[in-house]
Amino acid sequence: MQFKYYQCDLLYCFESMHRYCDWKIFSLNELLYFFGQRYARFLRNWMTFGVALSVISLFGITMMLFWEAAAAFHLHRWSFGLQDIPLSLFWGTTPLVSGLSISIMDFAVVVFSTVISVTVHELGHAVAAASEGVPIEYVAIFLAVIFPGALVAFNNDLLQALPNFASLRIYCAGIWHNAVFSLVCGLALLLLPLTLHPLYIHGENAMVLEISPSSPLSDYLSRGDVILSVDGEKIHSPHELMEKMVQVDTKLLQGMGSNEKGYCVPNVLLEESKTVSVLDDNFSCPDGHAAFIGLPCLNSSSFFEISSKHHGRYKKENKHCLSPELVVKLTKCGEGWGGTGFLKNPCSCSKNEYCMKPLLIPGMSWFEVSYAKPYSSECFQLRRNTSLVDFNPGYGSYPCGIGTFVYVGDMLILAHSMRLSAYQPRWMHFSWSMDVPSTLENILACAYHVSAALAAINSLPVFFLDGEYILETALYYITWLNPRKRRRAAKVTLIAGTILSVIALSRIIYFTYYSVTKV
């Protein structure tokens, strides 16, 4: 059966066995060959760096595979933690938002980034081959099931006639260009706030892009709203909000999540409030009210007055149903608030007030969320009436739409029920302008991860990948190996590398699935 060599990703393609949809492009042959020949000297030096990177990557990843296999069989304890790598890292998209399905735009970003990364990989092979005098037969774009890809077809006879190092430059070019492209995307991602500075404000507050309709937050927040603070601690970006949520969740899991957030409630209000109904150790309040219990203060006279009336029944009777809307307007007390200005002990209340904290079931938390609506119609109308033409939502105080609500529940669910952005438009002429920075971030992050993943995957000593050809060619430089031993060493390494790679990938999929189902 006649076949020709095809340099492609994840597939070793035979001319007579096309089992996928492809689109062959012949018009780029002369252009790529002309470019490679014209800058041959520079390109050969450039590709030499790729040889060094690829060989080091092949050796390093091979050692990691064997080391992880030994850890999996409990031959030693230390591990690189490959099983902790989430699958989302390979495409760089944000985790799925609870109640929100993946959008067409997110899917398009993944497909676009994959096509670009694979194209960069294959063009690297094509230009490297052209610089060595090997003509290109065609460039093809294919679709295997739902995964896009690209390949470059070379003349196998001319390729085999090249010196070993020239062949290495061609084999390593894809990995090298994927690594460089990933670095470029990473730098562009870091410089994105500076690039968008004339049109967007970055790091001032977290802006809501989307929120799940089933989320209780949808009653208060909508698209374009900004989260000012949580528990008095200012939130500058979605990353800060997620860090705070993870910190609170970790404390709860460690048993350190005791709720010490209190409010200085006047004694008059406590006397007018209803006592909490207790049935089988469960507590309940009328609609619109929440259960509160006092925080003891040995220096407070009101504490002795209230507790003495119940003669040791403080824990059961000193519970009151209060309106959260009224309570959040009161002075804060207790040591559980995030802002440094609220680090007060229960004794900070006046003589006519008592420090009351929310009574919550285990695993739940009480949070105050302050927000603003700078892009609402009311805000636009106010700006128009007050002639605030150059109003920038990121500077100064918000002129309208400021509010505060209380969220009681799992904070991680709160964080995952909405999609946020650290960018705010300076001028709100079009609604879609809110999504531009987030889309650019997703494209750059996705391309960064996909390109880096392609470089790593093709560095694996696995059949049909670049690692196979790099390994076989590199073994020629071990002069004490005769051809038979060289072929045997390559075969054994590739079989072991393929098996270990499948095991490593299976472990990543298993632990990712386990972590998702556990959450």
Side-chain angles (χ1 to χ4, degrees), residues 46 88-95 97 102-121 123-124 176-211 223-228 234-243 372-375 379-380 383 388-396 398 415 418-455:
W46 171 253
S88 59
L89 183 64
F90 291 105
W91 52 81
T93 55
T94 55
V97 178
I102 184 171
S103 65
I104 298 177
M105 178 60 69
D106 292 333
F107 180 75
V109 166
V110 174
V111 172
F112 176 78
S113 301
T114 303
V115 171
I116 292 298
S117 299
V118 173
T119 301
V120 168
H121 183 98
L123 287 179
W176 171 237
H177 282 82
N178 274 139
V180 173
F181 182 66
S182 180
L183 178 62
V184 170
C185 291
L187 291 176
L189 192 60
L190 291 176
L191 296 176
L192 190 61
L194 182 61
T195 305
L196 298 179
H197 180 73
L199 300 177
Y200 293 89
I201 301 164
H202 179 264
E204 187 70 20
N205 291 110
M207 184 178 69
V208 178
L209 294 179
E210 189 177 5
I211 189 167
R223 176 178 169 84
D225 295 349
V226 295
I227 298 178
L228 302 179
K234 189 173 182 180
I235 300 298
H236 297 89
S237 65
H239 181 68
E240 282 190 5
L241 178 62
M242 185 58 65
E243 280 187 340
K373 297 179 175 291
Y375 302 109
C379 246
F380 280 116
R383 289 168 51 198
L388 294 176
V389 181
D390 296 327
F391 167 66
N392 287 331
Y395 297 107
Y398 290 84
M418 54 186 172
R419 189 162 58 93
L420 305 174
S421 173
Y423 293 86
Q424 297 172 244
R426 294 186 184 274
W427 300 277
M428 187 60 182
H429 297 298
F430 304 100
S431 177
W432 53 263
S433 63
M434 295 182 183
D435 299 298
V436 172
S438 178
T439 302
L440 291 176
E441 275 188 324
N442 287 340
I443 291 175
L444 291 173
C446 189
Y448 169 82
H449 288 98
V450 170
S451 191
L454 277 177

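A quick note: this is a predicted structure, and the numbers were derived from the prediction, not measured. These numbers come from the heavy atoms of this one structure, side chains and all, not from hydrogens, waters or symmetry mates.
The shortest side-chain heavy-atom distance between Leu183 and Tyr448 does not fall under the 4.5 Å cut-off. Put simply, the side chain of Val118 reaches to within 4.5 Å of the side chain of Leu454, judged on heavy atoms.
Ser451 places a side-chain N or O within donor-acceptor distance of the main-chain N or O of Asn178, the cut-off being under 3.5 Å.
Every side chain to side chain contact (heavy atoms under 4.5 Å, CB included) that Ala422 has, sequence neighbours left out, goes to His202, Ser237, Pro238. Checked against side chain to side chain contact (heavy atoms under 4.5 Å, CB included), Ile116 has the following partners two or more places apart in sequence or in another chain: Phe112, Val120, Phe181.
The two residues Ser117 and Ala447 come nearest to each other via the heavy atoms OG-O, 3.7 Å.
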Evaluate the criterion side chain to side chain contact (heavy atoms under 4.5 Å, CB included) for residue pair Ile227 and Met418; output intermediate values, then yes/no. CA-CA 11 Å; Ile227 298 178; Met418 54 186 172; 3.5 Å; yes
Given Asp435 and Arg223, is the salt bridge (Lys or Arg N to Asp or Glu O under 4.0 Å) satisfied, shown in steps? CA-CA 11 Å; Asp435 299 298; Arg223 176 178 169 84; 2.6 Å; yes
Walk me through whether Met207 and Met434 qualify under side chain to side chain contact (heavy atoms under 4.5 Å, CB included). CA-CA 9 Å; Met207 184 178 69; Met434 295 182 183; 3.9 Å; yes
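Atom OG1 of Thr119 is separated from atom NE2 of His177 by 13.0 Å, given to the nearest 0.5 angstrom. Separating the CG atom in Leu440 from the CG atom in Leu196 is a distance of 6.0 Å, to the nearest 0.5 Å. Within the model, atoms CD of Glu210 and CG of Leu420 stand 11.0 Å from one another, a figure rounded to the nearest 0.5 Å. To the nearest 0.5 Å, atom CG of residue Leu444 and atom CG of residue Leu192 are 6.5 Å apart.
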